[in-house]
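Notes to accompany the following structure.
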Amino acid sequence: MAAQETVDQKYVYDFSEGNKDLKDLLGGKGANLAEMTNLGLPVPPGFTITTEACQAYLATGREPDGLAGQIEAHLESLERAMGKRLGDPQDPLLVSVRSGAKFSMPGMMETVLNVGLNDQSVVGLSAQAGGNDRFAWDSYRRLIQMFGKTVCEVPGEEFEQALDKAKSARGTTNDLDLDADDLRGLVEAYKKIFLKHTGREFPQQPREQLDLAIRAVFESWNAERAVLYRRQERIPADLGTAVNVVTMVFGNLGPDSGTGVAFTRDPASGAQGIYGDYLANAQGEDVVAGIRNTVPLQELEQLDKASYDELLGIMARLEEHYRDLCDIEFTIERGKLWMLQTRVGKRTAAAAFVIAGQLVDEGLIDLDEALHRVNGAQLAQLMFPRFQLDHEFHPVATGIGASPGAASGTVVFTSARAVELAAEGKSVILVRRETNPDDLNGMIAAKGILTSRGGKTSHAAVVARGMGKTCVSGADEIDVNVPAKRFTVAGQTVNEGDVVSIDGTTGKVYLGEVPVMPSEVVQYFEGSLDPEHIDNALVRAVHRIMTHADGKRRLAVRTNADTGADAARARRFGAEGIGLCRTEHMFLGDRRELVERLILARAEGEREAALAALLPLQRADFEEIFREMDGLPVTVRLIDPPLHEFLPPLEQLAVNVAVAQERGEDVAKEEALLAAVRRMHEENPMLGLRGVRLGLVIPGLFAMQVRAIAEAAVTCARGGGVAKPEIMVPLVGAVQELETVRAEAEKIIAEVVGDSGVEVLIGTMIEVPRAALTAGQIAEAAEFFSFGTNDLTQMGWGFSRDDVEGAFFWRYLELGIFGISPFESIDRDGVGRLVRIAAEEGRAARPGLKLGVCGEHGGDPDSVHFFHEVGLDYVSCSPFRVPVARLEAGRAVVETGGSDSR
Ligand code: PEP
Ligand code: MG
């Protein structure tokens with residue numbers, strides 16, 4: 001036999017061939033349709049074209065070899081199973097063609113319904129629907145509209161206008177009032193629009209319709225809005241979408257038909273119960289688009305008890321099977337229930353914690369799994385403030401709390417205006433009747449979203465929840481007039497530019513700016529809410545999962561704090577010490593004058609006098625911090641920034657001197673200061689006289705700080721406290737620098753601590769690449785390392801940390817050079833490698849060397865996992881991120897199988 005020229009790759013899977021774990025290949029929708037099919041649930045038969053076929057199409061611009069034949073074969077077997085043929089004039093099989101990527105991208109990609117209808121089969125469809133002409137012609141006009149818009153880029157408004165015209169000719173605003181003749185006329189009008197824009201007749205060949213629709217779904221992966229959504233949600237650009245070809249079932253066949261969406265628990269609060277919307281005599285798309293008003297799912301019980309009971313049974317089964325909150329889409333066709341979709345449902349941060357706790361109680365998952373199912377980003381969201389409401393504020397409208405949080409801002413009515421004002425730094429609330437995928441830019445730019453139509457499953461609600469953005473939907477007391485740029489509510493008019501406040505938890509809308517108060521979760525962390533004694537499901541769930549995370553984690557969590565108040569707050573948040581106390585703020589305010597004296601010192605003794613004046617002030621600062629952190633380690637970093645940062649800016653000083661000279665005033669002091677500023681000017685101050693270099697160049701500066709630290713610790717110890725100071729030297733690049741500072745510091749410490757029992761460690765930051773690469777040597781002179789990943793990133797990449805993020809990172813993100821700023825999340829491959837090398841070589845030279853990180857990455861969820869993997873002892877982050885780091889440190893253990901990876 002001749003060698004085969006093409007690999008026989010399988011591109012098409014029948015629903016019975018897949019399962020829920022094949023999301024990479026079949027997309028989320030396809031994998032779950034397969035799973036439901038295999039569970040024996042009523043899923044309309046169909047097949048899925050793989051993401052690999054899409055990837056091949058997008059790479060080459062044509063369908064891969066073998067795809068057409070495989071589609072043919074699956075279509076034939078579908079036709080056999082259904083006993084109908086695609087396009088059969090008497091009894092046509094109709095299919096929907098639906099996108100379905102690995103990660104849900106609501107409304108971002110295309111769907112075409114009713115494929116298989118043409119001028120002949122529309123008649124057959126009517127006959128099969130019991131002579132329901134109206135239904136058949138409505139289905140046909142929907143096909144031409146969707147196909148035209150999606151596959152052939154015919155402007156959607158033209159179809160809308162033709163529809164409006166038909167309705168006004170009938171004297172109605174409701175689609176349902178159009179009869180079969182109206183719809184037949186509309187089909188003719190639609191065909192003309194199609195011809196005008198495409199230069200060809202609407203395709204009558206069903207197979208051609210199918211192939212073009214499949215191709216359009218492939219291409220919709222790269223539609224602008226889909227690209228934007230992926231970037232926002234950090235979904236990789238190369239996954240591609242699968243395409244599902246599904247037998248049509250109809251929810252618009254009369255009052256015994258309908259369609260709905262539901263959640264197995266409340267996706268906003270996590271509360272148990274039945275949450276869903278139902279729309280009788282409608283297609284699924286009508287519900288998701290929020291176009292017509294739905295009724296609560298519970299009302300289906302009166303309309304069709306058998307289907308309702310069956311649906312509830314299926315929902316319970318799905319929850320048990322997926323061991324999680326599921327969302328579903330279903331259609332009832334003349335009393336027969338069909339499942340069109342399920343997936344593990346998106347949920348708010350609060351619901352994620354509450355549901356994880358409930359599932360543990362129900363015995364469906366264990367606490368490790370519960371911990372795995374929540375994350376630090378969600379916890380951070382729960383720590384957002386909420387509105388502080390007293391009697392002054394009355395809501396003017398109440399909609400649906402679609403995505404929690406509290407947002408105040410200037411009202412805008414269009415996506416473009418939202419983007420414009422946000423770019424000026426304004427908080428904006430985007431107000432729409434309902435949103436659609438074209439509003440995505442504005443939704444990203446806005447602080448909050450308010451709509452007058454649509455439920456929890458409307459576009460606005462789903463997208464806002466995914467983004468963690470505050471949203472109130474369906475506030476139907478609000479009458480939105482987009483062209484006039486205003487809305488009216490309760491007899492008042494709100495114009496563009498006015499301020500409103502929306503509460504995405506309660507759904508309430510307020511005029512003006514409402515003050516905010518901290519979240520309950522923060523109150524719990526602060527210790528003012530006792531989880532054992534309050535009736536608050538969220539606080540109890542957070543407490544339970546945090547307790548488990550704390551029990552699991554190996555990484556300690558410290559905080560970056562340089563005041564007693566910050567230290568105290570961080571301690572309440574669970575900080576187990578201070579990992580970075582920056583001392584530079586201690587030189588600001590009215591102490592600037594002493595720093596000026598220090599810098600300007602010329603005569604013998606002037607510098608010593610300035611330092612002597614600073615010493616008691618510093619000592620008092622440290623005493624306060626040691627007191628707050630009693631018993632816990634406190635890493636104090638010696639002064640780091642260039643000293644000229646403490647002097648007035650050059651231009652300002654030069655102007656002051658010139659003006660004073662003009663007036664004939666005595667400017668000797670200002671002139672001296674100006675000369676010093678000129679002398680100390682540096683082109684690249686971040687690479688200049690700062691950190692350890694200052695200590696080596698300015699006699700007595702570090703010595704004063706070391707003395708202040710040691711004396712404060714001794715005072716603490718004598719007062720019965722336990723101070724555990726760790727002195728940290730910044731910006732070390734060579735062991736010799738550290739040795740020099742250490743030699744001087746050790747002498748002072750020995751002299752000060754005497755027999756007080758105080759122990760002072762001396763270590764260094766690792767924040768210069770050279771330090772990371774010579775960590776073995778540096779460890780000889782250091783009792784601990786703390787990675788300064790801010791500077792390590794700056795110097796590792798050669799990116800100025802003060803400039804680049806605003807300047808050009810957008811382009812790097814667009815090009816995919818990195819998916820997230822390396823200042824935000826550790827660059828594992830480059831900067832992370834420096835950390836790994838330094839950790840390994842440092843520990844090899846000095847077993848037991850204490851390792852931590854105090855750059856901003858210490859509170860970033862993904863980076864925390866990396867630091868766990870590398871085997872650091874602790875992460876240190878700002879007080880507010882301490883709970884996030886605790887949670888993620890616990891998750892890191894659970895996700896690496898509970899192993900200590902050191
Ligand atoms: C760092 O460089 O990571 C660090 C913690 O120090 P700073 O941010 O103060 O330079
Ligand atoms: Mg630094």
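Quantities reported herein were computed from a predicted structural model and do not represent experimental measurements. Just follow the structure's listing: the first ligand is 1, and inside any ligand the first atom is 1.
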Proximity of Asn790 to ligand 1 by residue part, where a heavy atom lies under 4.0 Å: both

Looking at Gly788, which atoms of ligand 1 are within less than 4.0 Å of one of its heavy atoms? 1 (C), 2 (O), 3 (O)

Mark the output for Arg637 as yes if a heavy-atom distance to ligand 1 is under 4.0 Å, and as no if none is. yes

Looking only at heavy atoms, which two atoms of Ile709 and Leu638 are closest? And how far apart? CD1-CD2, 4.1 Å

Using a strict cut-off of less than 4.0 Å between a Lys/Arg side-chain nitrogen and an Asp/Glu carboxylate oxygen, indicate whether Asp791 and Arg690 qualify as a salt bridge. yes

Any side-chain donor paired with an acceptor under 3.5 Å for Gln705 and Thr583? yes

Determine, for Glu856 against Arg801, whether the closest basic-nitrogen to carboxylate-oxygen distance falls under 4.0 angstrom. no

Identify which of Arg582, Met765, Glu584, Arg801 has a heavy atom lying nearest to atom 10 (O) of ligand 1. Arg801

Run the numbers for me: atoms of ligand 1, each under 4.0 Å from some heavy atom of Cys854, listed by number. 5 (C)

Any idea how Phe787 and Phe785 line up, ring-wise: parallel (<30°), tilted (30 to 60°), or perpendicular (>60°)? perpendicular

Are any of the N or O atoms of Leu792 closer than 3.5 Å to those of ligand 1? no

Ignoring hydrogens and geometry beyond distance, is a side-chain donor-acceptor pair present between Thr635 and Arg558 at under 3.5 Å? yes

For the atom pair CG (Asp829) and CZ (Arg833), what is the distance rounded to the nearest 0.5 Å? 9.5 Å

Can you tell me the N, O or S atom of Asp791 that's nearest the Mg ion (ligand 2)? OD2

Does Leu580 approach ligand 1 within less than 4.0 angstrom via side chain, backbone, both or neither, non-hydrogen atoms only? side chain

Return yes when at least one N/O/S atom of Glu767 is nearer than 2.8 Å to the Mg ion (ligand 2), and no when none is. yes

